[in-house]
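One structure is given here, and the rest of the page talks about it.
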Amino acid sequence: MQSQDFDLAILGGGPVGSVLALLLARLAPQPERIVLLQTDTASQYGHRPELDPRVLAINHGSRVLLESLKAWPQQAALIQTIHVSQRGRLGRTVIRHHDFDVPELGCVVRYGQLYDKLTKALETSGVQVLNGESAHVIGQDTAGVSIEQGSRRMRAQLVVHADGLAGLEPTRQYTQYALLTRARASRPRAGWAFERFTNEGPLAVLPHPEALGEQSIVWCCSPERAQGLQALAPEHFSHALTEMFGSRLGTLTVEGSVACVPLAMTLRPQTIDGRCVAIGNAAQTLHPVAGQGLNLGLRDAATLAMALRDWLVAPEQMPGAALQRYEKLRGPDRQLTVRLTDLLSRVFTTKLPLIEHAAGLALLGMDLLPALRAPLARHLLQGLRL
Ligand SMILES: Cc1cc2nc3c(=O)[nH]c(=O)nc-3n(C[C@H](O)[C@H](O)[C@H](O)COP(=O)(O)OP(=O)(O)OC[C@H]3O[C@@H](n4cnc5c(N)ncnc54)[C@H](O)[C@@H]3O)c2cc1C
């Protein structure tokens, strides 16, 4: 069996792997020496990626990056105001785009449309894209890494895992499922996104990218409630949703199917292993509260591309120094975002009234004191700048 040689192989062509490939294609003297290996088997949602029902809140920094790569999806709903509240308790805060002098706080896009756009951009990038079975590292030595994808055998100087969860044991099981669907609001508010914390998990109601007045729903709740809700007839589901969310958008009428995803946090203890490095969901898979997973993964990709800039010109050299530089640069942002997301996903679900009340008061405090709100919003908006 013949083996092909590459300078760099990216395992996984989701948004993070694809963005990395596009960035490297601009920096590498020979982009054809970079290969992106994508599996065409079904994702965890049982669909092909271009049909994935997830919507993603993309922050301002990620939007600028995607636009620079000509990979911005055609349909995107603007978020100009974010309303954060706690069900059944005091406390809410409102974050507005003009507080930060930006045209929007973020945008909502469909995972499938983003995936499509990135796939098209890759076609003219010069990077080799090989679709097929799942790709795996079968070993590494001082001279490189051996990879297989079905019957293909390859060698690469450096391997980037951008292959999502990749069968790691979860670091924390949230005992929460996310119900994903879309709903029509009887009194829509253009540009408004809502995050409502309940004692079973957060409920996000976001503007849907495909139609004005439609909302994307990410409802996190206990597994038992999620299964019960998923089995309901649409009118009963709509009633339960409106009851949980309240009347800020009038009534919510669910349109289409309801998907259900179990939620866990998975952190890879070491993101670097010799000549291999993990980024995006392969390095950390987060709870969807506050919509940080992809934004964090895109910052991984941008920083790795920058750290590899010199190595790409002399790929026969060991990549160790560049990988260490990458790890050092990414540490603080990764830790802060992981901790913040984990805290937000659990602080309102402790079933300890004092803690939940204190969390509600913190929201109220943030609303009253812009100085408290600004650092949190700025991190969620842009992440740490390098
Ligand atoms: C309900 C929900 C809502 C979310 N909302 C937001 C949000 O609002 N904002 C946000 O920033 N993030 C959000 N996220 C997180 C976001 O979806 C992920 O962080 C993002 O998809 C990570 O991208 P990735 O490319 O690292 O991984 P993935 O999207 O998982 O892509 C990995 C790719 O690798 C491929 N692959 C897997 N194994 C192999 C293999 N062995 N060989 C080859 N290819 C392989 C897969 O087919 C897939 O295409 C949400 C997640 C969920 C579950």
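Every number for a ligand or one of its atoms is a count from 1 in the order of the listing. These values consider heavy atoms only, across backbone and side chains, with no hydrogens, waters or symmetry-generated copies. From a predicted model like this one, the values you see are computed outputs, not experimental measurements.
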**OP:** Under 4.0 Å from a heavy atom of Gly164: give me the atoms of ligand 1 that qualify, with their elements.
**Re:** 30 (O), 32 (C)
**OP:** Describe, in one word, how the ring planes of His287 and Tyr174 are oriented to each other, choosing from parallel (under 30°), tilted (30 to 60°) and perpendicular (over 60°).
**Re:** perpendicular
Original post:
Counting distance only, does the side-chain N/O of Trp311 pair as donor-acceptor with the main-chain N or O of Gln317 below 3.5 Å?
Top reply: yes
Subject >> Distance-only polar pair, side chains of Arg334 and Gln284, donor-acceptor under 3.5 Å >> reply: yes
Original post:
So Leu312 and Asp7, side-chain contact (heavy atoms from CB on, under 4.5 Å) or not? Walk me through it.
Top reply: CA-CA 8 Å; Leu312 285 165; Asp7 293 339; 5.9 Å; no
Subject >> Contacting atoms of ligand 1, where contact means under 4.0 angstrom from a heavy atom of Val16 >> reply: 23 (O), 24 (P), 25 (O), 26 (O)
Original post:
Should you measure from each heavy atom of Asn295, which atoms of ligand 1 turn up under 4.0 Å away?
Top reply: 11 (O)
Subject >> Proximal ligand 1 atoms for Gly293, defined as those under 4.0 Å from one of its heavy atoms >> reply: 10 (C), 11 (O), 12 (N), 19 (O)
Original post:
Is Leu294 in polar range of ligand 1, meaning some N or O pair under 3.5 Å apart?
Top reply: yes
Original post:
Under 3.5 Å, N or O to N or O, is Gly280 touching ligand 1 that way?
Top reply: no
**OP:** Tell me which one of Gly17, Pro15, Ala135 gets a heavy atom nearest to atom 41 (N) of ligand 1.
**Re:** Ala135
Original post:
Short question: side chain of Ser134, backbone of Thr39 - any donor-acceptor pair under 3.5 Å?
Top reply: no
Subject >> Per-atom contacts, ligand 1 versus Pro288 - under 4.0 Å to a heavy atom >> reply: 2 (C), 3 (C), 4 (C)
**OP:** Flag Val218 as yes when one of its N or O atoms lies below 3.5 Å from any N or O atom of ligand 1, and as no otherwise.
**Re:** no
Original post:
Below 3.5 angstrom, do we get any N/O pair linking Arg54 and ligand 1?
Top reply: yes
Original post:
Do ligand 1 and His136 have nitrogen or oxygen atoms that lie under 3.5 Å from each other?
Top reply: no
Original post:
Within the structure, does Gly291 bring an N/O atom to less than 3.5 angstrom of an N/O atom in ligand 1?
Top reply: yes
**OP:** Determine the interplanar angle of the Phe194 and Phe245 rings, folded into 0 to 90°, and report it as parallel if under 30°, tilted if 30 to 60°, perpendicular if over 60°.
**Re:** perpendicular
Original post:
Short N/O distance, under 3.5 Å, between Tyr115 and ligand 1?
Top reply: no
Original post:
Within the side chain of Asp300, is there an N or O that forms a donor-acceptor pair under 3.5 Å with the backbone of Gly280?
Top reply: yes
Original post:
Going by the atom numbers of ligand 1, which of them fall below 4.0 Å from some non-hydrogen atom of Thr39?
Top reply: 35 (C), 36 (N), 39 (C), 43 (C), 44 (N), 45 (C), 47 (O)
Original post:
Atoms of ligand 1 less than 4.0 Å from Gly12 heavy atoms?
Top reply: 34 (O), 35 (C), 43 (C), 44 (N), 45 (C)
Original post:
Which distance, rounded to the nearest 0.5 Å, do you find between the CG of Leu252 and the CZ of Arg184?
Top reply: 11.5 Å
Original post:
More than 12 non-hydrogen atoms from neighbouring residues, nucleotides or ligands closer than 6.0 Å to CZ on Arg339, yes or no?
Top reply: no
Original post:
Between the side chain of Ser125 and the main-chain N/O of Leu22, is any donor-acceptor distance below 3.5 Å?
Top reply: no
**OP:** Among Thr171, Leu168, Thr285, Asp273, find the one that has a side chain to side chain contact (heavy atoms under 4.5 Å, CB included) with Arg268.
**Re:** Leu168
Original post:
Can any side-chain N or O of His161 pair as donor or acceptor with the backbone N or O of Asp163 at less than 3.5 Å?
Top reply: no
Subject >> Within-shell test, Ala162 vs ligand 1, heavy atom, strictly < 4.0 Å >> reply: yes
Original post:
Taking only heavy atoms of Leu37, which atoms of ligand 1 are found under 4.0 Å from at least one of them?
Top reply: 43 (C), 44 (N)
Original post:
For atom 27 (O) of ligand 1, which candidate among Asn59, Asn281, Asn131, Val108 holds the nearest heavy atom?
Top reply: Asn281
Original post:
Is there any N or O on Ile279 that sits under 3.5 Å from an N or O of ligand 1?
Top reply: no
Subject >> Side chain, backbone, both or neither: Ile58 near ligand 1, heavy atoms under 4.0 Å >> reply: neither
Original post:
So, does Val55 sit close enough to ligand 1 that a heavy atom of it is under 4.0 Å from the ligand?
Top reply: yes
Subject >> Under-4.0 Å heavy-atom contact with ligand 1, by part of Gln292 that carries it >> reply: backbone
Subject >> Gap between atom CD of Glu210 and atom CD of Gln75 - 0.5 Å precision >> reply: 5.0 Å
